[in-house]
Amino acid sequence: MLEGKGVVRETDMAEEMQNKVMEFAHQALDAHEVSDCQSIAHFIKQKLDETYGPAWNSVVGNDFGSCITHMSGSFIFFRVEMMEFLIFKDGKDFTENREEVIRVIQKSGNEDS
């Protein structure tokens with residue numbers, strides 16, 4: 001486990017959400033080996049999906065590049081000692097998309113009658 005405090009390098013998240021993400025990162029580091037970046041990333045993604053809805057992405061490691069598009073207010077890039085964390089939400093909530101599709105289908109079905 002890494003004991004250091006998280007240092008935010010860049011973010012557009014509200015402070016409360018930043019604190020929650022950092023909490024999840026520390027929980028992940030407690031639950032998994034530091035070398036198991038995939039499990040750490042998966043743990044954080046699951047916690048964020050449960051807390052804030054689906055479509056979260058989590059990248060964890062010591063050395064990676066990225067080029068992303070994210071929803072406004074959902075991006076944070078931070079470090080805990082030598083481990084870097086890139087967390088962001090991409091696209092609309094899948095539940096919302098499904099409901100939109102259902103409404104379109106229902107509307108189309110009514111027009112044919």
Side-chain angles (χ1 to χ4, degrees):
M1 175 185 130
L2 298 176
E3 295 290 336
K5 180 175 167 35
V7 177
V8 176
R9 296 183 56 184
E10 194 165 332
T11 188
D12 70 352
M13 275 184 184
E15 190 171 344
E16 182 180 320
M17 187 180 283
Q18 289 179 46
N19 293 336
K20 200 65 163 170
V21 171
M22 296 276 194
E23 178 184 326
F24 292 151
H26 281 92
Q27 288 174 7
L29 290 167
D30 285 344
H32 302 282
E33 292 293 322
V34 174
S35 61
D36 190 0
C37 295
Q38 186 173 0
S39 293
I40 293 168
H42 186 256
F43 180 95
I44 295 168
K45 183 212 178 343
Q46 280 187 309
K47 291 292 191 179
L48 288 168
D49 283 349
E50 290 168 9
T51 305
Y52 298 108
W56 285 92
N57 295 275
S58 177
V59 181
V60 177
N62 296 327
D63 184 27
F64 57 85
S66 66
C67 180
I68 64 164
T69 303
H70 65 88
M71 291 181 65
S72 180
S74 73
F75 170 83
I76 187 167
F77 181 50
F78 65 98
R79 152 180 299 238
V80 177
E81 292 186 19
M82 297 305 293
M83 184 76 68
E84 305 231 21
F85 297 80
L86 173 63
I87 313 293
F88 61 98
K89 188 169 187 173
D90 179 30
K92 289 186 174 182
D93 181 319
F94 293 126
T95 305
E96 181 178 316
N97 285 346
R98 183 174 180 272
E99 289 170 0
E100 287 176 6
V101 170
I102 290 169
R103 280 195 299 270
V104 169
I105 292 169
Q106 289 172 343
K107 186 175 182 180
S108 297
N110 292 338
E111 289 176 2
D112 291 340
S113 301

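In this text the structure is predicted, and so the values were computed from the model without any measurement.
The backbone N or O of G73 lies less than 3.5 Å from a partner atom in the side chain of D12, making a donor-acceptor pair. Proximity of a side-chain donor or acceptor of K45 to a complementary backbone N or O of W56 within less than 3.5 Å is detected.
Here the straight-line distance linking atom CD1 of I44 with atom CG of N57 works out to 12.0 Å at 0.5 Å rounding. Atom CZ of F88 is separated from atom OG of S66 by 7.5 Å, given to the nearest 0.5 angstrom. To the nearest 0.5 angstrom, D63 atom CG is 10.0 Å from M82 atom CE. From E10, atom CD reaches atom CZ of F77 across 8.5 Å, with rounding to the nearest 0.5 Å. The structure places CD of E50 at 8.0 Å from CZ of F24, a figure rounded to the nearest 0.5 Å. Taking CG of D36 as the reference point, atom CZ of F43 lies at 12.5 Å (rounded to 0.5 Å).
In terms of heavy atoms, M71 sits closest to S74 at O-OG, 2.6 Å. In this structure, G61 and C37 approach most closely via the heavy-atom pair CA-SG, 3.8 Å. The two residues D49 and A55 make their nearest non-hydrogen contact at OD1-N, 3.5 Å. Taking each heavy atom of V80 and G6 in turn, the nearest pair found is CG2-CA, 3.8 Å.
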Distance-only check: which donor-acceptor pairs under 3.5 Å involve side-chain atoms of residues 13-21, not counting sequence neighbours?
from: Q18; atom 1: NE2; to: M13; atom 2: O; distance (Å): 2.8
from: N19; atom 1: ND2; to: E15; atom 2: O; distance (Å): 3.4

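In the hydrophobic clustering of ILVMFWY residues, with side-chain heavy atoms under 4.5 Å counting as a link, I76 and M83 come out together.
S39 is not listed as a side-chain neighbour of E33, based on a closest heavy-atom distance of 4.5 Å or more. By the 4.5 Å heavy-atom criterion applied to side chains, E84 and N62 are not counted as neighbours. No side-chain heavy atom of H32 sits under 4.5 Å from any side-chain heavy atom of H42. When side chains are defined from C-beta on, M22 counts as touching V8, because their heavy atoms get closer than 4.5 Å.
In summary, the side chains of Q27 and E23 do present a donor paired with an acceptor at a separation below 3.5 Å, with no hydrogens or angles considered.
Below 30°, between 30° and 60°, or above 60°: for F85 and F78 the angle between ring planes is below 30°, a parallel geometry.
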